[in-house]
Amino acid sequence: QVQLVESGGGLVQAGGSLRLSCTASVSDFRIDAMGWYRQAPGNQRELVATTTMSGSGSTIYADSVKGRFTIFGDNAKNAVYLQMNSLKPEDSAVYFCKAIVTNMARVRSMYWGQGTQVTVSS
């Protein structure tokens, strides 16, 4: 089984910064990629940023966060971080960590964290 534990959410003023952390507890799995998604009330869950956890560490960002957010993974700690700068009120949402893993039988699965609230006041 894989468990994801997120932390770092909170209340911040517009223009401020927050760093989200997500650590995966894994056993007999390889973590292929980790990422962050967010969901605001009444909206669908949307991609924020993802990164591969091996090789080149390639990243993908939503257009709305490019230049303001940075995602980086730590393979040794099975963790992914999201540095959020220049926050805007529209960034307010519950942020969810996601991990794509492969088990010993080479079966790929996806896991979600419980979510952490980010609120940006104007």
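In what follows, every heavy atom counts, from backbone to side chain, and hydrogens, waters and symmetry copies are set aside.
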How close do [X] and [Y] get, heavy atom to heavy atom, and via which atoms?
X: Ala40; Y: Ala93; result: N-CB, 3.9 Å
X: Gly57; Y: Thr51; result: O-OG1, 3.6 Å
X: Leu4; Y: Cys22; result: CB-SG, 4.0 Å
X: Gln39; Y: Asn43; result: NE2-O, 3.1 Å

Count the heavy atoms belonging to other residues, nucleotides or ligands that lie under 6.0 Å from CD of Glu46, then report whether that count exceeds 12. yes
Could you pull out all residues at least two apart from Asp91 that satisfy side chain to side chain contact (heavy atoms under 4.5 Å, CB included)? Arg38, Arg68, Phe69, Leu87, Lys88, Tyr95, Val120
In chain order, what residues pass the ring-ring contact (aromatic ring centres under 6.0 Å, His included) check against Phe96, with sequence neighbours excluded? none
Could you state the interatomic distance from SG (Cys97) to CE (Met34), rounded to the nearest 0.5 Å? 4.0 Å
CH2 on Trp36 to OH on Tyr61, rounded to 0.5 Å: 13.0 Å
Decide side-chain contact (heavy atoms from CB on, under 4.5 Å) for Tyr111 and Val101; before the verdict, give the C-alpha distance in whole Å, the side-chain angles of both, and the deciding distance to 0.1 Å. CA-CA 8 Å; Tyr111 293 85; Val101 304; 3.6 Å; yes
Could you tell me whether a side-chain N or O of Asn103 sits under 3.5 Å from a main-chain N or O of Phe29, the two making a donor and an acceptor? no
Partner set under salt bridge (charged side-chain N to carboxylate O under 4.0 Å, His left out) for Asp32, not counting sequence neighbours: Arg30, Arg108
